[in-house]
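Structure, as structure tokens:
In what follows, every chain begins at residue 1, and chains take the letters A, B, ... in the order their sequences are listed.
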Protein chains: 2
Amino acid sequence: MTEPKTPDVAAPTGLVKKNARDGKSNATIYDIAKVAGVNPSTVSRALSKPGRVSAKTQKLIEDAAAELNYHVNPFARALPTGRTNTFGLIVADITNPTFFDIIRGAETTATLRDYTLVLAESAESAVTELTAARRMMATVDGLILASPRMDDDDIRTIARDKPVVVINREVDGVPCVVPDVNKGISEAVRSLAANGHHKVAFVAGPAQSWMSARRWEGVQAACEWSRLDAVRLESTKPTVDGGRQVARDVRASGATAVLTYNDLLAIGLMQELQAAGVVVPDQISIVGFDDIFGADFTTPPLTTVRSPLGECGSGAATLLLDLLHGAGEPTATLRVETELVLRGSSGRLLPAG
Amino acid sequence: MTEPKTPDVAAPTGLVKKNARDGKSNATIYDIAKVAGVNPSTVSRALSKPGRVSAKTQKLIEDAAAELNYHVNPFARALPTGRTNTFGLIVADITNPTFFDIIRGAETTATLRDYTLVLAESAESAVTELTAARRMMATVDGLILASPRMDDDDIRTIARDKPVVVINREVDGVPCVVPDVNKGISEAVRSLAANGHHKVAFVAGPAQSWMSARRWEGVQAACEWSRLDAVRLESTKPTVDGGRQVARDVRASGATAVLTYNDLLAIGLMQELQAAGVVVPDQISIVGFDDIFGADFTTPPLTTVRSPLGECGSGAATLLLDLLHGAGEPTATLRVETELVLRGSSGRLLPAG
DNA sequence: CAATATTTGGCAACCGGTTGACAAATACCC
DNA sequence: GGGTATTTGTCAACCGGTTGCCAAATATTG
């Protein structure tokens, strides 16, 4: 079969074609087709539809592909199919260590399943978040929203276009990965009750944070169960700085134990209290949430309700990838367990001197 | 193209208006061409070649585009042009906080200039890194390698195909962003000398780490200048755990001040020494590198030589984007300044009791 | 006002795969 | 062997932009 059926299809049309495949330009299925002596569409099938072509042809094509060092062009594939083997992850704040483990979990799972992770952050703004999500929609197969700030309807709207998985929040009709706060919180509160505390303060997070609301509910319920007083305080922002700022209110509240929306608040709060001469945990116990990187750098190291963040990230990625491949419930909610990590910042209340 | 302020997203009224292109298919330049009564190629030009079409036609097309809520299909654009408005960032370890600020800096700059950041990690492995880089090459316009582990030749090979910027390492013929360690180190060593120290230990990082070598050189030079003894110790890994493990050697070395390759090592080292009853800084001074998140959580807070990591990330992104747009030196090296951040973990050596 | 220079818009050929329809080749059955 | 059921490979029409070339339209100039 040496006779060319279609003689000079590629006759020089005057176009500046970089015909010399000088190492640069990549091999295409047309090149493979020529080498293997088959039609390009056969090459395409051999490479992406297992079993569609005969074993003999398959081998022929694979050899040619290997010889030419062929790699599919992702854009050429994405154009007709819409599939990109890519998914997006939008986090509220890249520098917030809460998300580090989520990012890593998602990235690891993505790579493992031959997907690429595209990252964006919303800077804690619902508008930025929506913009980022919209922008990504065009280029990804699916989206993971970690602690989204936009409202439920926006999330559902996006979820109508492409598979979406939400972390740290429950949205009706959208698959979610949420830590179940109750176990960890009740362990924490019971520990505080056992150590002689009677009044507990909860420092809340951002108003739009679904998780902050759940944690406050959990704290209330657990306190009721243990017959402790519970009071809710507001923070300006869920950061170390926000924690410092809330120290006044904490002292004014008369609570002897504090749970904060997250570890950053707890760390800032502890720093400020210690700077003012308050001894932790003798005079006040502090418990954070999440067990972020650095939570054990403090003196005393921070007691905290751990959320398995890495698991959240990889769980969300798995959920999403299953969805993309047609497996799994379209709206399953994955619940992961929380647990108390008892360190030095909480303990027995010493009688006031 | 600004977001429509009118929040009628949730309003069920206007929804019926959408014609056949309701769910999936997005408007194309052909749709616009039809509405505007021009040729698709004219639409393409109006939208991407400023000034190529008359103002009148331009307006016509822009209006039609707005009406149809048109967004270009990135794949269709990438296919013929190869441009994707995307660049990759490969870091050695996603969970290492050193990279958090780098990631954020790069992400912020990317978003600002309308690029998308694709993230991958090498898990501290040269092989994984090369694989990740290769994989990305197909889909990005350029690549940033933060603290790369692969060897210079591999980097240069990659750099021949697409623009590459390296952070935390100098590679001949490739644009780099490197903190200039000398200022920060000499400040640190002078401070130690002034506080009565005579022997300084340096705990090194990974053998392949270019930056570790530079830091050791810097420490040696500064110590020579200040007439201090300098001794080099090896670490098993550049983590908190590695820092704990090196504590033995540090004590055995007889040094009264330690600089560690990075903050994680410093933190682990300090924890271990304190656990053994050593008082920091009275008996030993500890100085880290980088000023990572959490470096000030410790008691005493960590003295460290700060590298402006966010600046490295954004600087690398800027360098890369300039390169992509034809501006800037093809192999410029951007040097950023380091400085000593004096906190509590270093100070005057108390006379041994 | 004619002649030339400059804009402006249209045509069509790409970029590199995917896929439905179909025919040729091969296998299977009686 | 003839006839039907299956494989297997080919054809051709996409996917949605980009861009070189050219001609028509318009502007500039002598």
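- A salt bridge does not link B:Asp93 with B:Arg149: none of the charged nitrogens is closer than 4.0 Å to a carboxylate oxygen.
- No side-chain heavy atom of B:Asn73 sits less than 4.5 Å from a side-chain heavy atom of B:Asn26.
- Between B:Ile94 and the options A:Ile103, A:Thr108, A:Asp101, A:Leu117, a side chain to side chain contact (heavy atoms under 4.5 Å, CB included) holds for only A:Ile103.
- Rounded to an integer number of Å, the gap from CG of B:Asn85 to P of D:dT18 is 11 Å.
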Pair A:Arg134, A:Leu130 - check side-chain contact (heavy atoms from CB on, under 4.5 Å), show working. CA-CA 6 Å; A:Arg134 288 257 164 73; A:Leu130 194 54; 4.1 Å; yes
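- Under the 4.5 Å side-chain criterion, counting only non-hydrogen atoms from C-beta, B:Leu143 is in contact with B:Ile158.
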Output, in order, the C-alpha distance, side-chain angles, deciding distance and verdict of side-chain contact (heavy atoms from CB on, under 4.5 Å) for B:Thr109 and B:Tyr115. CA-CA 8 Å; B:Thr109 302; B:Tyr115 269 68; over 6 Å; no
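- Nucleotide D:dG17 holds its P atom 13 Å from the NZ atom of B:Lys34, rounded to whole Å.
- If you measure from atom CG of B:Asn39 to atom P of C:dA13, you get 14 Å, rounded to the nearest angstrom.
- The shortest distance between side-chain heavy atoms of B:Thr116 and A:Thr139 does not fall below 4.5 Å.
- Residues forming a side-chain contact (heavy atoms from CB on, under 4.5 Å) with B:Arg156 (at least two apart in sequence, or on another chain): B:Asp152, B:Asp153, B:Val171, B:Asp172, B:Val174.
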Report the C-alpha separation of A:Arg113 and A:Asp322 in whole Å, then their side-chain angles, then the decisive distance to 0.1 Å, and conclude whether the salt bridge (charged side-chain N to carboxylate O under 4.0 Å, His left out) test is met. CA-CA 10 Å; A:Arg113 302 198 31 184; A:Asp322 286 351; 3.3 Å; yes
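- Residue side chain A:Ser41 reaches the base of D:dC11 through a donor-acceptor N/O pair under 3.5 Å, judged by distance alone.
- Residues from residues 46-64 of chain B with heavy atoms under 4.0 angstrom of DNA chain D, sorted by number: B:Ser48, B:Lys49.
- Near DNA chain C, meaning a heavy atom under 4.0 Å from it, residues 74-84 of chain B has B:Leu79, B:Pro80 in order of number.
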Using a cutoff of under 3.5 Å, can you pull out all pairs of nitrogen or oxygen atoms linking the protein to nucleotides 25-27 of chain D, with atom names and distances?
none

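- Remark: P of D:dC22 and CZ of B:Arg45 are 14 Å apart, rounded to the nearest angstrom.
- Taking 4.0 angstrom as the limit, B:Tyr70 places a side-chain polar atom (N or O) nearer than this to OP1 or OP2 of D:dG17.
- The distance between atom CD1 of A:Ile29 and atom C1' of D:dT10, rounded to the nearest whole Å, is 13 Å.
- Residue pairs meeting the side chain to side chain donor-acceptor pair (under 3.5 Å) criterion with at least one member in residues 74-89 of chain A, sequence neighbours excluded: A:Thr84-A:Asp141.
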Which atom pairs, donor and acceptor, lie under 3.5 Å between side-chain atoms of residues 35-43 of chain A and protein residues at least two apart or in another chain?
{"from": "A:Asn39", "atom 1": "OD1", "to": "A:Ser41", "atom 2": "N", "distance (Å)": "2.9"}
{"from": "A:Asn39", "atom 1": "OD1", "to": "A:Ser41", "atom 2": "OG", "distance (Å)": "2.8"}

